[in-house]
Amino acid sequence: MRTCIGCRRAAVPPPSWVRVAAPPGGALQVGRTVPGRGAWVCSLACFEAAVRRHGLVRALRRPVSSTEVGALRATMVSKFS
């Protein structure tokens, strides 16, 4: 079971869910198999809600810069469209 950091819905992540990972000592990446602490989102709206409510920072347990959020947003738009 995984929980979406935007809407807090718990489910076995279907293929449409996206994992954001914080690899040790590296930049944030999107991918199901990327090593490191991860957070799941089920939609672009949930990603935006998580950014607004600092859910991404809490889930990854590290600061997230606006540059990283911008790069993730671009990736999320392509993943969810």
Side-chain angles (χ1 to χ4, degrees):
M1 295 289 279
R2 300 290 184 248
T3 301
C4 173
I5 60 171
C7 64
R8 307 297 299 158
R9 181 173 51 139
V12 174
S16 62
W17 283 32
V18 176
R19 180 175 178 259
V20 177
L28 296 181
Q29 298 178 19
V30 173
R32 290 178 172 259
T33 59
V34 176
R37 185 138 185 98
W40 291 87
V41 290
C42 64
S43 67
L44 186 57
C46 285
F47 173 75
E48 296 297 340
V51 169
R52 264 193 326 275
R53 295 188 323 227
H54 304 285
L56 199 56
V57 172
R58 278 192 307 273
L60 298 177
R61 297 183 184 167
R62 67 170 279 238
V64 178
S65 70
S66 58
T67 306
E68 289 177 312
V69 169
L72 284 175
R73 185 174 285 124
T75 304
M76 293 293 175
V77 167
S78 67
K79 293 278 186 186
F80 287 117
S81 43

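Counting begins at 1 with the first residue of the sequence.
For P35, there are no side-chain contact (heavy atoms from CB on, under 4.5 Å) partners two or more places apart in sequence or in a different chain. Judged as a side-chain contact (heavy atoms from CB on, under 4.5 Å), and not counting sequence neighbours, the contacts of R9 are C7, W17, C42. When the salt bridge (Lys or Arg N to Asp or Glu O under 4.0 Å) test is applied to R37, no partner is found at least two apart in sequence or on another chain. Remark: R62 pairs with E68 by the side-chain hydrogen bond (donor to acceptor under 3.5 Å, both in side chains) rule, at least two apart or across chains. For S66, there are no side-chain contact (heavy atoms from CB on, under 4.5 Å) partners at least two apart in sequence or on another chain. For A45, the side-chain contact (heavy atoms from CB on, under 4.5 Å) partners at least two apart in sequence or on another chain are S43.
Here the shortest heavy-atom pairing between A59 and A39 reads CB-CB, 3.7 Å.
Two residues are said to be in side-chain contact when any heavy atoms from C-beta on lie closer than 4.5 Å; R19 and P13 fail this criterion.
Within the hydrophobic cluster formed by Ile, Leu, Val, Met, Phe, Trp and Tyr side chains joined at under 4.5 Å, directly or through other members, M76 is accompanied by I5, V18, V20, L28, V30, V41, L44, F47, V51, L56, V57, L60, V64, V69, L72, V77, F80. Hydrophobic cluster membership for M1: V12 (Ile, Leu, Val, Met, Phe, Trp, Tyr linked by side-chain heavy atoms under 4.5 Å, directly or transitively).
Screening residues 45-59 for side-chain hydrogen bond (donor to acceptor under 3.5 Å, both in side chains) gives E48-R73 as the qualifying pairs, with residues at least two apart or on separate chains.
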